[in-house]
Protein chains: 2
Amino acid sequence: MVTPTTDTRIPVRTGATLADVAEAVGLHPSTVSRALDPGRASMVKAETRERVLEAAERIGYRPNLAARSLMTGRTATVAVIAADLGNPWVTPIIHGIASRMHDDGVVPIVAETDDQPGALAELVDHMVARRVDALIVLAGREGDQDVVRSAGQVVPTVVAARPLPGAGVGAVISDGKMGGALVASHLADLGHTHVAQLRGPSNVLNFPLRSRGFSSVAKARGLRETHLEMEVTSTKVEDGAALMEHLLATTGDDHPTAVFAHNDSMALGAISVLKRHGLAIPGDVAVAGFNDSPMTEHLTPGLTTVHYPGWEVGHAAADAALRLLEGDISLASIEIDQELIIRGSTDPTKA
Amino acid sequence: MVTPTTDTRIPVRTGATLADVAEAVGLHPSTVSRALDPGRASMVKAETRERVLEAAERIGYRPNLAARSLMTGRTATVAVIAADLGNPWVTPIIHGIASRMHDDGVVPIVAETDDQPGALAELVDHMVARRVDALIVLAGREGDQDVVRSAGQVVPTVVAARPLPGAGVGAVISDGKMGGALVASHLADLGHTHVAQLRGPSNVLNFPLRSRGFSSVAKARGLRETHLEMEVTSTKVEDGAALMEHLLATTGDDHPTAVFAHNDSMALGAISVLKRHGLAIPGDVAVAGFNDSPMTEHLTPGLTTVHYPGWEVGHAAADAALRLLEGDISLASIEIDQELIIRGSTDPTKA
DNA sequence: CTGAAAGCGCTTACAG
DNA sequence: CTGAAAGCGCTTACAG
């Protein structure tokens, strides 16, 4: 298991300081500081600046950001708190955040709560101690409003991806009601008359919204909706499978002909249960998911799903956080549109 | 629909300092510093400590980690440089890293290169400027040895997940040759006589290793291996599809009866191409992947794949980095075992 | 057990 | 255009 190899020790040179550079060129540290900062370089004679840059390069000088932040009050760091980095829907969000922050030379610190109680408060505390310039919370659940609100009083804070009404900070989300409505409307268009939802945990506020959006359109279009009593606490493949089993067990031959799973993983679980029961997709039961995760396009049949605009949400959230940091006090709530992707799991013509 | 919650405002004043706490209790800052540090609290009278803790709590004091790091020389931060956070195989690695670091109160800063040329060098530079305590490189490719070696001279550095022989730093990997060998051996056991590989880019050194391990066992077991001329530069679903199309185009009816895709995404691409050509899996062509990504278990048929021990690799890498930081100079190369997961995409009895 | 002083590596008014 | 000094918020020898 463990293969030890030969010990090749490498000599470690420890960081050169501003004073080292100053000494090398025979100037005062403050002059070197100016020469090295693009923003203040104009205060320095061009020739001096050349000498400083050359020396810094030669010595391998790297500014100590901790020392700098002590004076400037900025750390050039924004904390991103996610629920689960393993969830494919967060990756595009983080990419969007990183992309926007890169423009301003800011670096994201990402951490995750795993949706454990108390984890968010603990992480927020830690990030405040780190004096991050801003905080982006992707992991909020019902009940986290107080933690987020008090964070917002100490550091510019934005909620994103998971809505958290009442937290009193800016939010960037994609309207869950709309997403659920798109799916119900699509199923009605296909001629379904009996539908059901495999719902995510209700304390993650996206899910109740998706549910309400779906139900209200279903009702408006005259669809019969069977409501499952069962509640799950996560949205993994197993949860979707369990909900689907429960649905089949309680409805028997009178099962819905279409189900809306609140995310793609749950849809996958539902599909494998349906197959196991010998039911055809979409012939016997149509299945729709949510998020448009990377692999869903390549399943057989492809999964009908709502494309979640993660990159855009992340980008807008970072933008909001950075603007907040610059003193823009307009506390906006931003909504990004989502789109239904129709594939073979609901539409027989695409199978 | 905003559900207003009761406003339980938690009073948090912005940045109280050690001096503020000292003033509040009428003690010297140095005493407060001691009282607040669990490691030095024994130097302080118990009753004094109580008073300090109470005041700190009341004032909402949070130590400024930047200031602390200036004195201690530690930032309690380890940089993790990945190629692509969206790749499902990195998530368990990062979880493993975070889990180990959490024990020591250290926080990971993750960044990604997107496998862009020059990105690794740039990020390493940035992380050195941030004075991270250690560096874990998951994104190394052939040619990155110099960058990693020189990083290793400035900061404790460990390579993980992607091997980088010649970089002169410790490494934690899972042997690619072994993984490829497991697959070839399995296919031979099933009675296949004609096989092929859908290879990942050769500058990511896992892939040539997987290829060699596979080929050498294939040869030893008397299998005929068709070698594709085509090279891909990434390992997405599309790449697997393109390679599979190419394979079918060049071999015609004499196509291999089993293919080994160097990761699961490529396997998925291959599978969708095979289905499109009306070929049954595994009846006409068996397909194996690599990584055991989350969804592969729930595909139909399930995907045979090598389980990549990402969490363990990450955990061991963080452990190595932290030990290096503590002055443990034994520069070890650690290997973690992997395991073949046999499912319906190769084994008809499991379909 | 507590205090006073020095210093970590920067930036930033203030002089010259 | 450059220098000298002060200070950001901590920790850590050194005294007492």
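Every chain is numbered from 1, with letters handed out A, B, ... down the list of sequences.
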- Listed once per pair and sorted, the salt bridge (Lys or Arg N to Asp or Glu O under 4.0 Å) pairs that draw on residues 42-57 of chain A, sequence neighbours left out: A/E54-A/R58
- Query: Which pair of non-hydrogen atoms, one from A/V155 and one from A/V128, has the smallest distance, and what is that distance?
  - Reply: CG1-CG2, 4.4 Å
- For A/S69, report the nucleic acid contact type (base, sugar-phosphate, nothing); a contact means any heavy atom under 4.0 Å. nothing
- Message: Heavy atoms only, 4.0 Å cut-off, all strands: where does B/L27 land among base, sugar-phosphate and nothing?
- Response: sugar-phosphate
- Closest approach of B/V169 and B/G152, non-hydrogen atoms and distance? CG1-CA, 4.2 Å
- Sugar-phosphate or base contact per nucleotide [nucleotides 8-13 of chain C; S, B, -; heavy atom under 4.0 Å]: BBBBBB
- Message: Is any side-chain heavy atom of A/D20 closer than 4.5 Å to one of A/Y61?
- Response: no
- Item | Of A/L120, A/V148, A/I136, the residue whose pairing with A/I81 passes side chain to side chain contact (heavy atoms under 4.5 Å, CB included) | A/L120
- When you look for runs of 3 or more Watson-Crick or G-U pairs in a row, both distances below 3.5 Å, which of them include DNA chain D? C:1-3 with D:14-16, C:5-12 with D:5-12, C:14-16 with D:1-3
- Heavy atoms only: give me the nearest B/A83-B/D115 pair and the separation to one decimal. CB-OD1, 3.7 Å
- Item | Polar side chain donor-acceptor pair, B/R40 to B/S33, under 3.5 angstrom | yes
- Take the protein atom CE of B/M43 and the nucleotide atom P of D/dA15, then report the distance between them rounded to whole Å. 16 Å
- Query: Under the 3.5 angstrom rule, does the side chain of B/E112 hit a backbone N or O of B/A82 as a donor-acceptor pair?
  - Reply: no
